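Take a look at the structure set out below.
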Amino acid sequence: MASSRTNLSLLLLFLFIATLIASQQNDEDDDASPQLALDPSEQEAVYRVLDSVNSAISWRTIFPDDLCASPPDGVVCDYLYASQNGVATSVHVTEFHLGYLSDYTQNPPCSSNATLDPLLFTSFKYLRKLFFYKCFTGARVSLPETIPDDFGSVLEELVFIENPSLVGEIGAMIGNFTKLRRLVLTGNGFHGSIPGHIGDLVSLEEITLSRNSLSGGFPANATSRLKNLKVLDFSHNFLNGNAPDSIGDLTELLKLDLSFNEFTGEIPSGVGKLKKLEFLDLSYNRFGNFGVPLFLAEMPRLREVFLSGNKLGGRIPEIWKNLEGISGIGFSRMGLEGNIPASMGSSLKNLCFLALDNNNLDGKIPEEFGFLDFAREINLENNNLTGKAPFSDSFRDRIGKKLKLSGNPNLQVKNSDPHLAGRALYSSARKVLLLPLICFPAALLALYILITQ
């Protein structure tokens, strides 16, 4: 009997201690996450912004209470802490993610008549991330002529993707964002020249301004201070003039894409200083007759190089022994002549994509090409190649129609498939744009993870 009472007493004591500990834990949690409410004026501004992108949703009815206590998808809040004692003093909206991406990212969808409310740039001084995806695709939406100086003092990511109806000067979108890490403005209706003060954004790790209507020259001295930059993409615009040698100051760069612009002159030798570069695309510009740059041999981390559509001329240089990691080469329509170096086959064991089509190459296809085990596409169309094609039945079966040899009248092929023999009627200048999705998904995923940290 005494033993039972002792056990009961111990059980009661255990329950009491457990209750006490839980109570103390709750008190600590309350201290760590104080019940602070969003300022009414900031709450009203959130409603206004949400209404501007989709007025068909009854935001005030669905979310009548404090928007930071129970925020809608796409709105993120955070506490502001006093520096002296670490106690939270207020709560603010710190992120907007607007525009439907997928079922896995429940951003609020934008309607066809979405607009850009000016309050976005005046009411959220603690905003760290601003993301718009396919929000402005219908009626024309204009950028504000100027953005207030106090906007974006803590902004880290400014991302506008696929908003073709959003128009305005690119300079209006680039303020005094000294903490900005990612500037991604791609597929919009921005125009004008890239402002020189982009070089003041010294924290930048990515600049992507592709697929707009930007004009003017490369901001020559603007990028020399961007020591943390890993991605620079100005592709698919109307930029012109010479690309500056100062581009070599971006020593942390992993990706450089200036393709589909109107750059002229010589490919700057400063590119050869980018020892960490993995992706280089200068294709479809107007770089002149200076040959394939020999400094490529000094870039050991290079994985993909695309120079197609520039009339560089000359022969393919013997530089491949130093570039064994390369998996993609685009040298189409470059006015190249002479033989294809055998070292392209013997050294580039990881080669996935090779485009040498629409040049003036002659001689035999190197036997080593028949042993490229990772090849997914080889395009040698419309040259003056001769001799016997060195590709076995199993090689051709593996690659199929991605082995393109037509347009070489004196080349002997084993069968008469249209893509192997005869005259090539069409060769897409832009198919290189699909290449990364086919050959290099792992590399692109790694790069995406890197720049979104």
Side-chain angles (χ1 to χ4, degrees), residues 29-30 32-81 88-138 141 143-144 147-148 150-163 165-166 173 175 177 179-186 188 448 451-453:
D29 290 344
D30 290 342
S33 301
Q35 297 303 308
L36 298 171
L38 187 64
D39 182 85
S41 62
E42 194 168 345
Q43 174 129 338
E44 177 62 25
V46 175
Y47 284 136
R48 287 271 301 272
V49 168
L50 294 175
D51 281 336
S52 70
V53 298
N54 197 330
S55 58
I57 298 176
S58 301
W59 299 105
R60 298 168 193 269
T61 302
I62 300 173
F63 302 96
D65 301 321
D66 176 29
L67 287 175
C68 283
S70 181
D73 291 325
V75 178
V76 178
C77 299
D78 201 357
Y79 292 106
L80 180 67
Y81 291 88
T89 57
S90 58
V91 63
H92 300 279
V93 173
T94 57
E95 299 181 23
F96 277 114
H97 301 263
L98 304 174
Y100 175 80
L101 274 173
S102 71
D103 291 338
Y104 302 101
T105 55
Q106 296 292 325
N107 297 345
C110 298
S111 63
S112 58
N113 60 347
T115 60
L116 193 64
D117 195 296
L119 283 177
L120 191 62
F121 302 104
T122 59
S123 300
F124 306 102
K125 65 178 182 178
Y126 298 100
L127 203 61
R128 292 197 296 261
K129 296 182 181 181
L130 182 58
F131 178 95
F132 279 85
Y133 177 72
K134 288 187 176 180
C135 279
F136 311 111
T137 59
V141 177
L143 288 173
I147 293 178
D150 58 351
F151 172 77
S153 60
V154 297
L155 194 66
E156 297 176 5
E157 297 187 14
L158 181 62
V159 180
F160 281 73
I161 299 175
E162 304 296 345
N163 298 283
S165 298
L166 182 62
M173 286 297 292
F177 306 145
K179 293 188 177 181
L180 196 67
R181 294 187 302 106
R182 298 185 68 214
L183 177 63
V184 180
L185 310 174
T186 181
N188 304 297
Y448 175 79
I451 63 179
T452 53
Q453 295 302 307

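Model, not experiment: these values are computed from the prediction.
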Drop me the distance from [X]'s [atom1] to [Y]'s [atom2], to the nearest 0.5 angstrom.
| X | Y | atom1 | atom2 | result |
| --- | --- | --- | --- | --- |
| Glu44 | Leu67 | CD | CG | 10.0 Å |
| Leu119 | Leu116 | CG | CG | 10.5 Å |
| Glu156 | Leu180 | CD | CG | 8.5 Å |
| Ser165 | Asn113 | OG | CG | 11.5 Å |

- Task: May I ask you to decide if the ring planes of Phe177 and Phe151 are parallel, tilted or perpendicular, using 30° and 60° as cut-offs?
- Result: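 Perpendicular.
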For [X] against [Y], the heavy-atom pair lying closest together:
| X | Y | result |
| --- | --- | --- |
| Ala45 | Phe124 | CB-CZ, 3.5 Å |
| Phe121 | Pro144 | CE1-CG, 3.9 Å |
| Pro64 | Gln43 | O-NE2, 4.2 Å |
| Cys135 | Ala114 | O-CB, 3.3 Å |
| Arg48 | Asp117 | NE-OD2, 3.3 Å |

Is there a side-chain contact between [X] and [Y] (heavy atoms, below 4.5 Å)?
| X | Y | value |
| --- | --- | --- |
| Val46 | Phe96 | yes |
| Thr94 | Cys77 | no |
| Cys110 | Tyr100 | no |
| Val154 | Leu127 | no |

- In plain terms, say whether Glu42 and Lys125 are close enough for a salt bridge, that is, a side-chain N and a carboxylate O under 4.0 Å apart.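 Salt bridge: no.
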- Message: For Arg181, is there an ion pair with Glu157 - N to carboxylate O distance below 4.0 angstrom?
- Response: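 Arg181 and Glu157: salt-bridged.
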- Task: Could you check Asn107, Leu98, Leu158, Val184 and say which one makes a side-chain contact (heavy atoms from CB on, under 4.5 Å) with Phe131?
- Result: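 Checked Asn107, Leu98, Leu158, Val184 against Phe131; only one passes side-chain contact (heavy atoms from CB on, under 4.5 Å): Asn107.
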- Message: Which residue in the set Val159, Asn163, Ile161 passes side-chain contact (heavy atoms from CB on, under 4.5 Å) when paired with Phe132?
- Response: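 It is Asn163; the other options fail the test.
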Side-chain ([X]) to main-chain ([Y]) donor-acceptor, under 3.5 angstrom:
| X | Y | answer |
| --- | --- | --- |
| Ser111 | Val53 | yes |
| Asn188 | Leu166 | no |
| Trp59 | Leu50 | yes |

- Message: One pair to check against side-chain contact (heavy atoms from CB on, under 4.5 Å): Tyr126 and Asp78. What are the steps and the verdict?
- Response: CA-CA 9 Å; Tyr126 298 100; Asp78 201 357; over 6 Å; no
- Query: What do the steps show when you test Val93 against Leu38 for side-chain contact (heavy atoms from CB on, under 4.5 Å), and what is the final call?
  - Reply: CA-CA 8 Å; Val93 173; Leu38 187 64; 4.2 Å; yes
- Determine, step by step, whether Phe160 and Tyr133 satisfy the ring pair (Phe, Tyr, Trp, His ring centres under 6.0 Å) criterion, reporting the C-alpha distance in whole Å, the side-chain angles of both residues, the deciding distance to 0.1 Å, and the verdict. CA-CA 6 Å; Phe160 281 73; Tyr133 177 72; over 10 Å; no
- Residues Leu36, Thr89; criterion side-chain contact (heavy atoms from CB on, under 4.5 Å); working and verdict: CA-CA 8 Å; Leu36 298 171; Thr89 57; 5.7 Å; no
- Task: Could you walk me through whether His92 and Ser90 pass side-chain hydrogen bond (donor to acceptor under 3.5 Å, both in side chains), step by step?
- Result: CA-CA 7 Å; His92 300 279; Ser90 58; 2.9 Å; yes
